[in-house]
Number of protein chains: 2
Amino acid sequence: MAETQGATVDRVRLAPFGDALGFLLRLAQIDSFERFFADLGHLDLRPGELTVIVLLEGNPGVRQGVLAEALKIKRAHMAKMVRALGEAGLIRREVPEDDRRAVELYLTEAGATLARRLRPAVTAHEARTPATLTPAETATLKRLLRKYLALTDPEGTTP
Amino acid sequence: MAETQGATVDRVRLAPFGDALGFLLRLAQIDSFERFFADLGHLDLRPGELTVIVLLEGNPGVRQGVLAEALKIKRAHMAKMVRALGEAGLIRREVPEDDRRAVELYLTEAGATLARRLRPAVTAHEARTPATLTPAETATLKRLLRKYLALTDPEGTTP
DNA sequence: TATTGTTATACTCTATAACTATA
DNA sequence: TATAGTTATAGAGTATAACAATA
């Protein structure tokens with residue numbers, strides 16, 4: 001009864017996962033996700049939808065398959081998301097003349113308005129350094145993650 | 001038709017997500033996950049189950065709630081997983097004398113055999129440095145992730 | 001034949017709340 | 001009252017395959 005939580009015998013030996021990169025990445029991603037939605041959860045958008053809306057602002061007319069590839073989500077999933085966003089009146093889908101299989105995505109007026117509302121919140125969130133890291137350490141962490149991903153371009157363009 | 005894949009106009013401007021820690025962590029985790037199951041996917045265990053089996057080898061008798069907390073998974077999810085593992089004959093559940101609400105987990109013979117088979121594959125996978133990073137960079141990346149998580153102990157024990 | 005997107009299905013993990021039995 | 005675990009339900013994300021239209 002001395003212990004108020006997590007109590008009992010514990011301390012779990014996490015070996016051989018305690019120092020595994022994949023495990024650390026998973027915990028870090030959970031934490032980062034929680035931080036993200038602590039900041040932005042009040043807008044009732046799902047994570048994927050928020051990402052698509054904000055990215056469409058900088059990529060008008062992008063093909064949904066291309067966007068899916070950049071975000072590492074499956075085309076089937078993107079199709080569902082795009083339909084939902086279309087039904088919500090946030091995006092518009094256009095079939096280009098030169099390839100009538102494809103679909104190009106654009107924000108509607110409502111979507112653009114939402115994107116403008118979202119962007120500052122997203123930017124503010126990202127400017128914040130995690131409490132446990134110095135700004136220099138955060139920069140190093142990001143640089144190493146980009147190198148790990150072979151994503152050398154810090155400008156935000158996929159190769 | 002010059003482009004064989006990902007083709008078309010593309011290059012997606014990922015701003016303002018391209019340099020976001022959460023976004024980089026997500027991509028890194030997907031990549032790490034793919035690498036993990038490229039190595040270990042032939043054993044038909046689900047990710048969570050594999051983790052529990054291997055950890056139980058080093059934590060006999062751990063309470064399932066404690067394990068759930070350490071792995072950042074919900075107790076409800078752990079309950080389902082534990083039931084499935086029990087039905088598969090891999091783990092044994094014991095109610096301790098001193099607190100009859102609790103459940104302590106142990107590997108059965110079959111579970112221990114499986115764990116012994118899993119462990120070398122897990123260890124080998126983790127010893128491998130990602131191709132794009134030097135060993136020193138990998139060490140730095142892990143150190144920064146641990147610091148980000150306020151997980152200062154490299155030995156693999158949760159605080 | 002290959003590609004773009006769609007639909008359908010199923011599975012993994014997550015989130016929540018209501019429930020039991022114990023404490 | 002609070003805690004450990006269970007059950008049920010819903011939802012998000014993912015994986016897969018079959019399909020239509022187009023290239």
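Throughout, protein chains are lettered first and strands after them, A, B, ... in sequence-line order, and every chain is numbered starting at 1.
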E109(A) atom CD: more than 12 heavy-atom contacts under 6.0 Å: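 Incorrect, the count does not exceed 12.
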Mutual orientation of the aromatic rings belonging to F23(B) and F17(B) [parallel < 30°, tilted 30-60°, perpendicular > 60°]: tilted
Separation of [X] atom [atom1] from [N] atom [atom2], in whole Å?
X: M81(B); N: dT12(C); atom1: CE; atom2: P; value: 12 Å
X: Q29(A); N: dT14(C); atom1: CD; atom2: C1'; value: 13 Å
X: R93(A); N: dG5(C); atom1: CZ; atom2: C1'; value: 8 Å
X: M78(A); N: dT6(C); atom1: CE; atom2: P; value: 11 Å
X: R83(B); N: dT6(D); atom1: CZ; atom2: C1'; value: 9 Å

Nearest-nucleotide comparison on DNA chain D, the residue closer to the 5′ end among I30(B) and H77(B):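 Residue closer to the 5' terminus by nearest nucleotide: H77(B).
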Does [X] place a side-chain N or O at less than 4.0 Å from the phosphate oxygens OP1/OP2 of [N]?
X: K74(B); N: dA15(C); value: yes
X: R101(B); N: dA21(C); value: no
X: R26(B); N: dT14(D); value: yes
X: R75(B); N: dT6(D); value: no
X: R46(B); N: dT12(C); value: yes

Residues Y106(A), L56(A); criterion side-chain contact (heavy atoms from CB on, under 4.5 Å); working and verdict: CA-CA 7 Å; Y106(A) 297 88; L56(A) 240 36; over 6 Å; no
Whether D31(B) side chain and L27(B) backbone form a donor-acceptor pair below 3.5 Å: no
Interatomic distance, L24(B) atom CG to Q29(A) atom CD [nearest 0.5 angstrom]: 11.0 Å
Near-strand residues of residues 47-61 of chain B, defined as heavy-atom separation under 4.0 angstrom from DNA chain C: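 P47(B), G48(B) - these, ordered by number, are the residues of the stretch whose heavy atoms sit under 4.0 Å from the strand.
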